[in-house]
There are 2 protein chains.
Amino acid sequence: MTANTPWLDRRQLRAWIRLRAVLELLPGTLDTQLRNDAHLTEFEYTALAMLSEAPGRTLRMTGLAQRTNATLPRLSHVVSRLEKRGLVERFPCPENRRATNARLTEEGWAKLLQAAPGHVAAVRRYVIDALTDEQVDQLAAIGDAVLAALDPSGQGAVLYTHYDEEPDPEQDSA
Amino acid sequence: MTANTPWLDRRQLRAWIRLRAVLELLPGTLDTQLRNDAHLTEFEYTALAMLSEAPGRTLRMTGLAQRTNATLPRLSHVVSRLEKRGLVERFPCPENRRATNARLTEEGWAKLLQAAPGHVAAVRRYVIDALTDEQVDQLAAIGDAVLAALDPSGQGAVLYTHYDEEPDPEQDSA
DNA sequence: CCAGCAAACTTGTAGCTACAACCATTCCGG
DNA sequence: CCGGAATGGTTGTAGCTACAAGTTTGCTGG
């Protein structure tokens, strides 16, 4: 364990232990709440939410994958299941025949409305309300730094900046 | 989306979006590195590491589950697989015949030694070295707050305090 | 001393994700 | 205008986790 690699000192280890615990415990807790309340995973919820904010409640699979931090295969499977449940519909993109659009159905919109309050309450309870206002800002900055290290090219920058500005209907990408 | 539930304001939403992205991207990245380098998941690595620090390199399943933030069924499956690979061995606890001990084998110790440098380097690269010293401490405090909200009873307190003090061989619980 | 409950697991199975392979379009250079 | 390479997706499958159920051992009150 004490190799010639720079090990973590006590303070760094403390932080890492905490982060790993949060990584392990928080997603499951949020998934459980959401599944009991609305039979949705947090990932499915996020996908529906991202569609709901898009113009025409429609996004191309690639765009939705970016906004949800998912790989395309994963998203494809998830959308297939959501489609079977009638919450989303897929149709070919008119402008690019190899692309597919996903659109939120009325039923999907209703499901999102039903699920949102409980989910927001859970996020508040376990994260936002557990922190001071200062810590909330610190968390955002720490997240920025980690994400920059994970993805130096800034591919996901669409997402990370999306909530820094007023929504702009013309920010469709190439 | 704008129900009678207190929604998140812009700054809170920023922080939450970042955290969700980290939750989604960081575990997979660490798993990938570790699997390519040592054919281990981060969870398996952590389990081996916790055993390596225990007296006699041995822990009861329940104790190991607490230290790894895992449920018992999950841990049982994982240890079964590690046992098949010869990295861990299970044997009945002498003092309590319904309990099971898990002990790190020599092979498991060797595997851990081989895997550790690369894993620590990854943790540094994506988290520790991406942050300022101040942010590292902020992260620890934020983690504390979120974990307290997730588990008000402080069941996992063994883990959370474990790295605040010098190791004490007599901290075995009831 | 024994009935019932709790503790400490193990096992079975359904569901989700990662990875790899595959297919259909589109783009681009010669 | 045509032969790759790149883009945008779907599908198949192995592996891991969650949940539920079952088993054995230990504890506690009457």
Side-chain angles (χ1 to χ4, degrees), chain A residues 23-36 39-47 58-85 88-102 155 172-174, chain B residues 23-36 39-47 58-85 88-102 155 172-174:
Chain A
L23 253 39
E24 198 66 61
L25 298 176
L26 185 56
T29 302
L30 292 176
D31 271 348
T32 296
Q33 174 271 316
L34 208 40
R35 189 156 36 72
N36 291 343
H39 188 43
L40 286 174
T41 64
E42 220 245 330
F43 181 79
E44 290 170 336
Y45 176 92
T46 304
T58 302
L59 283 173
R60 283 174 44 175
M61 292 295 283
T62 298
L64 184 54
Q66 279 183 192
R67 285 166 173 76
T68 55
N69 304 299
T71 60
L72 216 33
R74 178 184 178 190
L75 182 67
S76 186
H77 281 133
V78 170
V79 169
S80 294
R81 293 190 291 262
L82 291 175
E83 198 173 20
K84 271 172 199 152
R85 294 166 62 188
V88 159
E89 52 192 359
R90 262 192 286 214
F91 61 98
C93 177
E95 299 132 347
N96 188 337
R97 289 199 305 163
R98 58 196 160 161
T100 306
N101 280 328
Q155 295 294 350
D172 231 13
S173 62
Chain B
L23 255 37
E24 198 66 60
L25 298 176
L26 184 56
T29 302
L30 293 176
D31 271 348
T32 296
Q33 174 271 317
L34 209 39
R35 189 156 36 72
N36 292 343
H39 187 44
L40 286 174
T41 63
E42 219 246 331
F43 182 79
E44 290 170 337
Y45 175 92
T46 303
T58 301
L59 283 173
R60 283 175 44 176
M61 293 293 283
T62 300
L64 185 54
Q66 278 183 192
R67 285 166 172 77
T68 55
N69 303 299
T71 60
L72 214 34
R74 178 184 177 188
L75 182 66
S76 186
H77 281 134
V78 170
V79 169
S80 292
R81 292 190 293 260
L82 291 175
E83 199 174 21
K84 271 174 199 149
R85 293 167 61 186
V88 159
E89 52 191 358
R90 262 190 288 211
F91 62 97
C93 176
E95 299 132 347
N96 188 338
R97 289 200 303 166
R98 55 192 165 164
T100 305
N101 279 327
Q155 296 293 350
D172 230 14
S173 61

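Chain identifiers are assigned alphabetically (A, B, ...) following the order of the sequence lines, protein sequences preceding nucleic acid strands; residue numbering begins at 1 within each chain. Computed from heavy atoms alone, side chains included, the values below leave out hydrogens, waters and symmetry copies.
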### Query
Base, sugar-phosphate, or nothing for B:Thr41, non-hydrogen atoms under 4.0 angstrom?
nothing
### Query
What do the steps show when you test B:Arg74 against A:Glu24 for salt bridge (Lys or Arg N to Asp or Glu O under 4.0 Å), and what is the final call?
CA-CA 12 Å; B:Arg74 178 184 177 188; A:Glu24 198 66 61; 2.6 Å; yes
### Message
Counting only side-chain nitrogens and oxygens, does B:Thr71 get under 4.0 Å of the OP1 or OP2 atom of D:dC19?
### Response
no
### Task
Answer yes or no: does a side-chain N or O of A:Arg81 lie under 4.0 Å from OP1 or OP2 of C:dG15?
no
### Message
Using heavy-atom distances to pick each residue's nearest nucleotide on DNA chain D, tell me which of B:Asn96 and A:Gly63 is more 5'.
### Response
A:Gly63
### Task
Side-chain contact test, heavy atoms from C-beta onward, threshold under 4.5 Å: evaluate it for B:Leu23 versus A:Leu23 and give yes or no.
yes
### Message
With nearest nucleotide decided by heavy atoms, which residue, B:Thr32 or A:Glu95, maps closer to the 5′ end of DNA chain C?
### Response
B:Thr32
### Task
Using only side-chain N and O atoms of A:Ser76, determine if any of them is under 4.0 Å from OP1 or OP2 of D:dT11.
no
### Message
So, does B:Arg90 get its side chain near the phosphate of C:dT10, meaning an N or O under 4.0 Å from OP1 or OP2?
### Response
yes
### Protein-nucleotide distance (B:Leu82, atom CG; D:dC16, atom P), rounded to Å
10 Å
#### Entry: Donor-acceptor pair between B:Ser80 and B:Arg90 side chains, under 3.5 angstrom
yes
### Query
Which sits closer to the 5' end of DNA chain C, A:Val78 or B:Leu75, going by the nucleotide each is nearest to?
B:Leu75
### Query
Atom NE2 of B:His77 and atom P of D:dC19: how far apart are they, to the nearest Å?
14 Å
### Message
Can you measure B:Arg35 atom CZ to C:dC19 atom C1' for me and round it to whole angstrom units?
### Response
8 Å
### Query
Nearest of D:dG8, C:dC9, C:dC19 to any side-chain atom of A:Ala99?
D:dG8
### Message
Base of D:dT7, side chain of A:Arg98 - is there a donor-acceptor contact under 3.5 Å?
### Response
yes
### Query
Taking CG from A:Leu30 and P from C:dC16, how many angstroms apart are they, rounded to a whole number?
17 Å
### Message
With rounding to the nearest 0.5 angstrom, report the CG to CG distance, B:Leu75 to B:Leu82.
### Response
9.0 Å
### Task
Can you tell me the distance, in whole Å, between the CD atom of A:Glu42 and the C1' atom of D:dA18?
17 Å
### Message
Contact between A:Arg60 and A:Glu95 at the side-chain level, heavy atoms closer than 4.5 Å - yes or no?
### Response
no
### Message
Let's see if you can work this out: which of C:dT10, C:dT17, C:dC9 has an atom nearest to the side-chain heavy atoms of B:Thr62?
### Response
C:dC9
### Summary
From the candidates D:dT10, C:dC16, C:dC9, the one with an atom nearest any side-chain atom of A:Met61 is D:dT10
#### Entry: 5'-most by nearest nucleotide on DNA chain D - A:Arg74 or A:Glu24
A:Arg74
### Query
With respect to the phosphate group of C:dA8, does any side-chain polar atom (N or O) of B:Arg97 fall under 4.0 Å of OP1 or OP2?
no
#### Entry: Rounded distance (Å) that lies between atom C1' of D:dC19 and atom CG of A:Asp31
14 Å
### Summary
Atom CG of B:Leu72 and atom P of D:dT23 are separated, to the nearest Å, by 17 Å
### Task
Please check if the side chain of A:Asp31 supplies one atom and the backbone of A:Glu42 the other of a donor-acceptor pair under 3.5 Å.
yes
### Task
Output yes when at least one side-chain N/O atom of A:Arg60 is less than 4.0 Å from OP1 or OP2 of D:dG8, else no.
yes
## Note on the structure
Atom CG of A:Asn101 and atom P of D:dG8 are separated, to the nearest Å, by 13 Å
#### Entry: Minimum-distance nucleotide to B:Pro73 side chain [options: C:dA8, D:dC19, D:dT13]
D:dC19
